Amino acid sequence: GNLMKNELHTNDIEKKLYDYAIRLLARGEKTALQLTTKLNQKLIVLKQPAAPEIIHQIISKITEAGWLSEKRFVHAFARTKINQKVGPVKILYELSQKGLSDKQVNAYLEDCEAWQETDWVAHAVQVLTRKFSDDKDKQVAWPKKANYLQSKGYTSEQIRQALKA
């Protein structure tokens, strides 16, 4: 009697978590780490004990089904950040915070058109133009501009070239 009730309970939790995971992915690409975190939070909301094995199974299932793709996540994330004129250093750092190894990230970015074709120096110049567009700012010293570009995640070589432009 009691065992059966428990079994249904596990399936019920699994179904709830699976459906939730699909809903999250429908809203945007995620990494396995992000999804795991969200599913663990959902268990807390549902007042359920931790279920790492169930979560692991769900992640495996949706990865095999093609719903979860860290490569797609990296491509989408990179495109968004590039459109926001965020520099490559910062993009790579932010990706490392999402639970992806540098090796994975570099492999995924190798065939990311947006990443490969971006003219980072041109972006840096646009960032400067936008930030220091007022005439009174014409006199802004280059260390200030360099620091600003660095904070936006550009490499020192990109900064040097942008400031020469």
Side-chain angles (χ1 to χ4, degrees), residues 14 16-46 50-133 142-165:
E14 188 168 352
K16 275 196 164 88
L17 291 178
Y18 182 85
D19 292 346
Y20 180 60
I22 297 298
R23 283 200 311 276
L24 287 170
L25 289 168
R27 279 190 255 151
E29 304 288 351
K30 304 264 181 295
T31 63
L33 178 70
Q34 289 174 311
L35 209 51
T36 301
T37 303
K38 291 278 192 192
L39 293 175
N40 279 317
Q41 289 167 344
K42 186 70 168 175
L43 282 173
I44 294 166
V45 170
L46 295 171
E53 59 294 324
I54 292 177
I55 290 176
H56 182 73
Q57 281 170 347
I58 291 171
I59 301 275
S60 297
K61 208 185 279 185
I62 59 184
T63 301
E64 282 165 34
W67 295 108
L68 177 72
S69 164
E70 294 192 325
K71 179 181 187 169
R72 278 198 318 261
F73 171 84
V74 168
H75 286 201
F77 185 87
R79 278 195 306 273
T80 301
K81 292 295 178 175
I82 288 167
N83 289 336
Q84 295 168 350
K85 303 286 185 271
V86 175
V89 178
K90 197 168 183 179
I91 295 173
L92 290 171
Y93 173 74
E94 288 180 9
L95 282 168
S96 76
Q97 300 299 101
K98 309 263 181 229
L100 299 167
S101 71
D102 292 349
K103 193 178 171 198
Q104 279 174 306
V105 169
N106 290 328
Y108 297 148
L109 288 174
E110 259 175 43
D111 63 349
C112 175
E113 264 179 59
W115 181 266
Q116 295 300 334
E117 294 174 7
T118 296
D119 182 341
W120 297 106
V121 175
H123 274 213
V125 171
Q126 288 169 351
V127 167
L128 283 179
T129 308
R130 206 165 49 200
K131 171 73 174 168
F132 302 107
S133 59
W142 105 211
K144 188 174 178 185
K145 288 182 176 176
N147 285 339
Y148 183 71
L149 285 177
Q150 194 177 13
S151 76
K152 289 292 181 192
Y154 291 90
T155 67
S156 45
E157 182 53 30
Q158 289 158 355
I159 293 168
R160 201 177 57 72
Q161 290 182 28
L163 291 172
K164 273 199 320 200

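Along the sequence shown, the residues carry numbers beginning at 1. Owing to the predicted nature of the structure, the values given are computational and were not obtained by experimental measurement.
The shortest non-hydrogen separation linking Asp102 to Ser96 is OD1-CB, 4.2 Å. Heavy-atom minimum distance, Lys85 versus His123: CD-ND1, 3.4 Å. Counting all heavy atoms, side chain and backbone alike, Ile91 lies closest to Val86 at CD1-O, 3.4 Å. Pro88 approaches Tyr154 most closely through the heavy-atom pair CD-CD2, 4.0 Å. Contact record, Leu25 with Trp67: CD1-O, 3.8 Å, taken as the closest heavy-atom pair. Leu149 approaches Ala124 most closely through the heavy-atom pair CD2-O, 3.5 Å.
How far CG of Leu17 is from CG of Leu24: 10.5 Å, rounded to the nearest 0.5 Å. Note that NZ of Lys30 is 11.0 Å distant from CG of Leu39, once rounded to the nearest 0.5 Å. The CG atom of Asp19 sits 10.0 Å away from the NZ atom of Lys42 when rounded to the nearest 0.5 Å.
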Check against side-chain contact (heavy atoms from CB on, under 4.5 Å), Ile82 and Trp120:
CA-CA 9 Å; Ile82 288 167; Trp120 297 106; 3.6 Å; yes
Evaluate Tyr108 against Phe77 for side-chain contact (heavy atoms from CB on, under 4.5 Å), listing each step before the verdict.
CA-CA 11 Å; Tyr108 297 148; Phe77 185 87; over 6 Å; no
Residue pair Gln84, Thr80: steps toward the side-chain contact (heavy atoms from CB on, under 4.5 Å) verdict
CA-CA 6 Å; Gln84 295 168 350; Thr80 301; 3.6 Å; yes
Pair Gln158-Thr155, side chain to side chain donor-acceptor pair (under 3.5 Å): steps then yes or no
CA-CA 5 Å; Gln158 289 158 355; Thr155 67; 3.2 Å; yes
How far apart are the C-alpha atoms of Ile59 and Thr63, what are their side-chain angles, what is the distance that settles it, and do they pass the side-chain contact (heavy atoms from CB on, under 4.5 Å) test?
CA-CA 6 Å; Ile59 301 275; Thr63 301; 4.0 Å; yes
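In this structure, the salt bridge (Lys or Arg N to Asp or Glu O under 4.0 Å) partners of Glu157, at least two apart in sequence or on a different chain, are Arg160. Residues satisfying the salt bridge (Lys or Arg N to Asp or Glu O under 4.0 Å) test with Lys81, not counting sequence neighbours, are Glu94. Take Ser156 and apply the side chain to side chain donor-acceptor pair (under 3.5 Å) test, not counting sequence neighbours, and it matches no residue. In terms of the salt bridge (Lys or Arg N to Asp or Glu O under 4.0 Å) criterion, residue partners of Lys61 (sequence neighbours excluded) are, by chain and number, Glu14. Among residues two or more places apart in sequence or in another chain, the side-chain contact (heavy atoms from CB on, under 4.5 Å) test is passed with Thr31 by Leu33, Gln34, Glu70, Phe73, Lys98, Leu100. With sequence neighbours left out, the salt bridge (Lys or Arg N to Asp or Glu O under 4.0 Å) criterion links Lys71 to Asp111.
Heavy-atom contacts from other residues, nucleotides or ligands closer than 6.0 Å to NZ of Lys38 number 12 or fewer. Around atom CD of Glu113, no more than 12 heavy atoms belonging to other residues, nucleotides or ligands sit under 6.0 Å away.
Between Trp115 and Glu110, every side-chain heavy-atom pair lies at or beyond the 4.5 Å cut-off. Side-chain contact between Leu163 and Leu128: present, with at least one pair of heavy atoms (C-beta onward) separated by less than 4.5 Å. When side chains are defined from C-beta on, Thr37 counts as touching Gln41, because their heavy atoms get closer than 4.5 Å. Using a 4.5 Å heavy-atom cutoff, the side chains of Asn40 and Thr36 are in contact. Using a 4.5 Å heavy-atom cutoff, the side chains of Tyr18 and Ile62 are in contact.
When atom types are taken as modelled, the side chain of Gln104 and the backbone of Ser101 share a donor-acceptor pair closer than 3.5 angstrom. The main-chain N or O of Val74 is never found under 3.5 Å from a side-chain atom of Arg79 such that the two would form a donor-acceptor pair. Of the possible polar contacts, one joining the Ser151 side chain to the Tyr148 backbone as a donor-acceptor pair under 3.5 Å is found.
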